[in-house]
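A short write-up of the structure that comes next.
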Amino acid sequence: MSDAPRGLWPVAPSEAVGEALADPGLSADLFSAVVALTVSIAEDPWLKGSTPLEGDDDWREILIPGGRGIAEYRINQDTHNVALTRIVPFRPKPQSLLESSAPSLHCTGC
């Protein structure tokens, strides 16, 4: 943690993050995980598990809880706020017909 003043750090999403969160294909679980992460960032932008990008301690990357994706954000210590710059959701791979949980057509008692 830095020597930043105590208190919450306002977190503003970039336009790209806003568009990603507005995507109707985004699951409610992922949306909720990003909201929870945003609250955690507001409480302490130097979150345990976050890593600096390109050697800049104020530009950080962290996994979205549950391994649902990656979030990037920039801390502005001068204005005491954070810009959530990007989220990259990990979308589950679609199941093939062979992997689906549909009942087998194979006759086991024949």
Side-chain angles (χ1 to χ4, degrees):
M1 173 134 175
S2 77
D3 294 351
R6 296 185 91 62
L8 294 178
W9 290 73
V11 179
S14 68
E15 186 176 329
V17 169
E19 289 173 5
L21 293 175
D23 179 355
L26 190 71
S27 73
D29 285 343
L30 179 53
F31 183 88
S32 297
V34 171
V35 170
L37 178 61
T38 302
V39 170
S40 295
I41 292 170
E43 293 173 344
D44 179 10
W46 291 272
L47 286 170
K48 182 178 179 181
S50 69
T51 56
L53 292 170
E54 298 185 14
D56 182 349
D57 197 46
D58 290 339
W59 184 22
R60 307 203 57 91
E61 171 181 79
I62 191 164
L63 283 174
I64 296 170
R68 295 181 176 100
I70 297 173
E72 291 179 7
Y73 57 96
R74 179 167 287 286
I75 304 161
N76 187 329
Q77 294 188 55
D78 294 335
T79 58
H80 192 79
N81 63 20
V82 178
L84 186 59
T85 56
R86 185 165 75 137
I87 59 169
V88 180
F90 297 154
R91 304 216 187 241
K93 291 179 10 182
Q95 281 188 319
S96 72
L97 290 176
L98 296 175
E99 297 172 341
S100 73
S101 59
S104 173
L105 297 177
H106 178 72
C107 179
T108 57
C110 299

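For this chain, numbers begin at 1 and follow the sequence in order.
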Sole residue of Leu37, Val39, Thr38 in side-chain contact (heavy atoms from CB on, under 4.5 Å) with Val11: Thr38
Non-hydrogen side-chain atoms of Leu30 and Ile64 separated by less than 4.5 Å: yes
CA sep, side-chain torsions, deciding dist, call: Asn81, Thr79, side chain to side chain donor-acceptor pair (under 3.5 Å): CA-CA 6 Å; Asn81 63 20; Thr79 58; 3.0 Å; yes
Connected via hydrophobic side-chain network under 4.5 Å: Val82 and Ile62: yes
Heavy-atom donor-acceptor pair, Ser50 side chain to Trp46 backbone, under 3.5 Å: no
Cluster check Val17, Val35: I/L/V/M/F/W/Y, side chain < 4.5 angstrom: yes
Among Ile75, Leu53, Thr85, the one residue meeting side-chain contact (heavy atoms from CB on, under 4.5 Å) with Arg60: Ile75
Any donor-acceptor pair under 3.5 Å from Tyr73 side chain to Pro45 backbone: yes
Closest contact, heavy atoms only, Phe90 versus Ile70: CZ-CG1, 3.6 Å
Linked, directly or transitively: Trp9 and Trp59 (ILVMFWY side chains, under 4.5 Å): no
Non-hydrogen atoms of Leu47 and Ser40 that approach each other most closely: CD2-O, 3.6 Å
His80 side-chain N/O to Pro10 backbone N/O, donor-acceptor pair under 3.5 Å: no
Arg74, CZ: over 12 other non-hydrogen atoms inside 6.0 angstrom: yes
Side chain to side chain contact (heavy atoms under 4.5 Å, CB included) between Leu21 and Leu26, intermediate numbers included: CA-CA 7 Å; Leu21 293 175; Leu26 190 71; 3.9 Å; yes
